Amino acid sequence: MNKIKIIGEPVLREKSELITDIDEEIAKLAQDMGVIMQESNGIGLAAPQIGLSKRMFVTYAPNDKLRVFINPDIIMTSPETSAYEEGCLSIPGVYADVTRSSAVAIQAFNEKGKLFKLDADGILARVILHEYDHLQGKMFVDYLSEKKQQRILKKFRKK
Ligand SMILES: [Zn+2]
């Protein structure tokens, strides 16, 4: 049972829609996403990755807790950047260094509808930026050279 959408699925390239009501259904979805993420050994999962074009993602960075971000807004990204090897549950088996801001400030609602702000750095900042990209229809391979992207896309087209 694999619910995770793989690169090539149009939903992964859509700009996700705002969630208007943070109700029980959304809370349940957040819980389900947490389970799917952990079953897949992921440290982040965005709603488009399970076929839902909604502005919501979950993270579970090492040495951190499970976090839910609904209708997130990136408030600040640091000018300092760092490169780190990334992967994505929607692009299985592909890993590559991506340069991103080292720190981020984000505002979002949790599954209870409570607004919160979070300053993150390290892996959590990276996961947040990676997952936020999914809500914009962006994937980490977009940061790679054209040549590398072609090679990756070819691999997934063959299947
Ligand atoms: Zn991803």
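Residues: numbered from 1 along the sequence shown. Fair warning: this is a prediction, and the values are worked out from it, not measured in the lab.
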S.K.: Using a 3.5 Å distance criterion without hydrogens, assess whether the side chain of Glu131 forms a donor-acceptor pair with backbone atoms of Ala46.
M.R.: yes
S.K.: To the nearest 0.5 Å, how far apart are CE in Met76 and OG in Ser78?
M.R.: 6.0 Å
S.K.: Is the closest side-chain heavy-atom distance between Ile4 and Glu9 below 4.5 Å?
M.R.: no
S.K.: Do Leu18 and Leu52 share a hydrophobic cluster, counting only Ile, Leu, Val, Met, Phe, Trp and Tyr and linking them when any side-chain heavy atoms are less than 4.5 Å apart?
M.R.: no
S.K.: Could you check whether Lys117 pairs with Asp73 (Lys NZ or Arg NE/NH1/NH2 to Asp/Glu carboxylate O, under 4.0 Å)?
M.R.: no
S.K.: Charged N to carboxylate O below 4.0 Å: is that the case for Glu111 and Lys28?
M.R.: no
S.K.: If you take all heavy atoms of Pro72 and Leu135, which pair is closest and at what distance?
M.R.: CG-CD1, 3.6 Å
S.K.: Is the distance from the ring center of Phe69 to that of Phe116 below 6.0 Å?
M.R.: yes
S.K.: With a 6.0 Å cut-off (strictly less than), is the heavy-atom count around CD of Glu24, excluding the residue itself, greater than 12?
M.R.: no
S.K.: Between CD1 of Ile70 and NZ of Lys114, what distance do you get to the nearest 0.5 Å?
M.R.: 13.0 Å
S.K.: If you round to the nearest 0.5 Å, how far is CG of Leu45 from CE of Met33?
M.R.: 4.5 Å
S.K.: Show the nearest heavy-atom pair for residues Ala125 and Ala103, with the distance to one decimal.
M.R.: CB-CA, 4.1 Å
S.K.: Using atom types as modelled and distance alone, determine if a side-chain donor or acceptor of Thr59 lies under 3.5 Å from a backbone N or O of Ala61.
M.R.: no
S.K.: Can you measure from CG (Leu89) to CD (Gln49) and round to the nearest 0.5 angstrom?
M.R.: 6.0 Å
S.K.: Report the residues that fulfil side chain to side chain donor-acceptor pair (under 3.5 Å) with Gln38, sequence neighbours left out, ordered by chain and then residue number.
M.R.: none
S.K.: Start with the C-alpha distance between Thr99 and Tyr143, add both sets of side-chain angles, then the distance that settles side chain to side chain contact (heavy atoms under 4.5 Å, CB included), and finish with yes or no.
M.R.: CA-CA 8 Å; Thr99 300; Tyr143 295 96; over 6 Å; no
S.K.: Kindly indicate whether a cation-pi arrangement holds for Arg126 with Phe140, taking the cut-offs as under 6.0 Å to the six-membered ring centre and within 45° of the axis.
M.R.: no
S.K.: With a 4.5 Å heavy-atom cut-off, do Ser101 and Leu129 have their side chains touching?
M.R.: yes
S.K.: So, taking the atom named CD in Glu17 and the one named CG in Asn71, what distance separates them when rounded to the nearest 0.5 Å?
M.R.: 11.0 Å
S.K.: Are Leu144 and Ile6 co-members of a hydrophobic cluster defined by side-chain heavy atoms under 4.5 Å apart?
M.R.: yes
S.K.: Determine whether a donor-acceptor pair (N or O, by modelled atom type, separation under 3.5 Å) exists between the side chain of Ser90 and the backbone of Lys5.
M.R.: yes
S.K.: Is there a side chain to side chain donor-acceptor pair (under 3.5 Å) between Arg55 and Gln136 once you walk through the steps?
M.R.: CA-CA 9 Å; Arg55 299 191 73 76; Gln136 309 301 111; 2.5 Å; yes
S.K.: Is Leu29 reachable from Phe109 through a run of hydrophobic residues whose side-chain heavy atoms are each under 4.5 Å from the next?
M.R.: yes
S.K.: Is it possible for you to say whether Phe57 and Ile36 belong to one hydrophobic cluster, with membership spreading through side-chain heavy-atom contacts below 4.5 Å?
M.R.: no
S.K.: Walk me through it: do Lys112 and Val68 pass the test side chain to side chain contact (heavy atoms under 4.5 Å, CB included)?
M.R.: CA-CA 10 Å; Lys112 292 175 187 120; Val68 178; over 6 Å; no
S.K.: Rounded to the nearest 0.5 Å, how far apart are CD1 of Ile50 and CE of Met37?
M.R.: 11.0 Å
S.K.: In the structure I gave you, are the side-chain heavy atoms of Arg67 and Val58 within less than 4.5 Å of one another anywhere?
M.R.: no
S.K.: Assess the residue pair Ile128 and Ile74 against the criterion (side chain to side chain contact (heavy atoms under 4.5 Å, CB included)); give the C-alpha distance rounded to whole Å, side-chain angles, the decisive distance to 0.1 Å, and a yes or no.
M.R.: CA-CA 9 Å; Ile128 286 170; Ile74 303 275; 4.3 Å; yes
S.K.: Are Leu118 and Leu115 in one and the same hydrophobic cluster, where Ile, Leu, Val, Met, Phe, Trp and Tyr link if side-chain heavy atoms are under 4.5 Å apart?
M.R.: no
S.K.: Say whether, by atom type as modelled, one donor and one acceptor occur between the side chain of Asp23 and the main chain of Ile26 under 3.5 angstrom.
M.R.: yes
S.K.: Write down the atom of Ser16, the atom of Pro48, and the distance for their closest heavy-atom approach.
M.R.: OG-CG, 3.3 Å
S.K.: Could you walk me through whether Met139 and Leu12 pass the side chain to side chain contact (heavy atoms under 4.5 Å, CB included) test, one step at a time?
M.R.: CA-CA 8 Å; Met139 300 181 84; Leu12 290 170; 4.0 Å; yes
S.K.: Measuring only between side-chain heavy atoms, which start at C-beta, is Thr77 closer than 4.5 Å to Arg100?
M.R.: no
S.K.: Among Ile43, Ile123, Leu124, which one satisfies side chain to side chain contact (heavy atoms under 4.5 Å, CB included) with Asp64?
M.R.: Leu124
